[in-house]
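Just so it is clear, the values below take in all heavy atoms, side chains as well, and ignore hydrogens, waters and symmetry mates.
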Amino acid sequence: MSTHTIELPELSVDLVEKAKRSTGPLADMDEESLKVIERRYRQFLALARDHRDVNLVPTREIDEMWHVHMLCPVAYFDDCTQIAGQIMDHDGGFGRADGEVEEWRRQWNETSAIWEREFQESYGPDMMTCDNGWGRMLPRS
């Protein structure tokens, strides 16, 4: 069990408010659920900051909050630069093609293991019922 606390990044935009105003799947969620998803997204960003050589695979709800963040391009650029020194690249749909499924699952399992080690909590199952969870964050050099 880890004895250190991971500092979560602060963001320059209120993603809970942006999610409520969106037209995506997060728009109909209650504020408390959105706050949990926003915290989990910031945890995901902390992993991206601290594990730069790993292809991190987001859960469906983290991916949706990531999309909300990217739809605020100035804030997204500023936040990524502050957190990781450059834009965090989103490889949407990775794993959907037949030849990618095995690698996507491997990366999902690696992300889950890192998450559970760092935060002492389960990474999944997703909070949302949507089954479209394909994609990953590309590592940065």
State, with a plain yes or no, whether a side-chain heavy atom of [X] is found less than 4.5 Å away from one of [Y].
| X | Y | value |
| --- | --- | --- |
| Glu110 | Asn55 | no |
| Ile6 | Arg49 | yes |
| Asp63 | Tyr41 | no |
| Met65 | Glu61 | no |
| Lys18 | Asp14 | no |
| Pro9 | Gln82 | no |
| Met29 | Ile37 | yes |
| Leu56 | Gln107 | no |

Between Phe44 and Trp66, does the ring centre distance come in under 6.0 Å? yes
Is a donor on one side and an acceptor on the other found under 3.5 Å between the side chain of [X] and the backbone of [Y]?
| X | Y | value |
| --- | --- | --- |
| Arg21 | Val16 | no |
| Asp30 | Ser33 | yes |
| Tyr76 | Met88 | yes |

Under a 4.0 Å threshold between the charged nitrogen and the carboxylate oxygen, would [Y] count as salt-bridged to [X]?
| X | Y | result |
| --- | --- | --- |
| Glu121 | Arg40 | yes |
| Glu102 | Arg106 | no |
| Arg42 | Glu38 | yes |

Hey, can you tell me if Trp115 and Tyr123 have their rings parallel, tilted or perpendicular (30° and 60° cut-offs)? tilted
How long is the span from the [atom1] atom in [X] to the [atom2] atom in [Y], to the nearest 0.5 Å?
| X | Y | atom1 | atom2 | answer |
| --- | --- | --- | --- | --- |
| Glu118 | Gln43 | CD | CD | 10.5 Å |
| Met70 | Cys80 | CE | SG | 9.0 Å |
| Ile87 | Thr81 | CD1 | OG1 | 5.5 Å |
| Leu8 | Ile83 | CG | CD1 | 10.0 Å |
| Arg39 | Ile62 | CZ | CD1 | 9.5 Å |
| His69 | Leu11 | NE2 | CG | 5.0 Å |

Is it the case that one hydrophobic cluster holds both Phe77 and Leu71, taking links as side-chain heavy atoms less than 4.5 Å apart, direct or via other members? no
Checking side-chain contact (heavy atoms from CB on, under 4.5 Å) between Val68 and each of Val13, Leu34, Leu26, which is the one that passes? Leu26
Nearest non-hydrogen partners of Arg117 and Gln120, listed with the distance: O-NE2, 2.7 Å
Using distance alone, with no hydrogens and no angle criterion, decide if Asp78 and Ser12 have a side-chain donor and acceptor under 3.5 Å apart. no
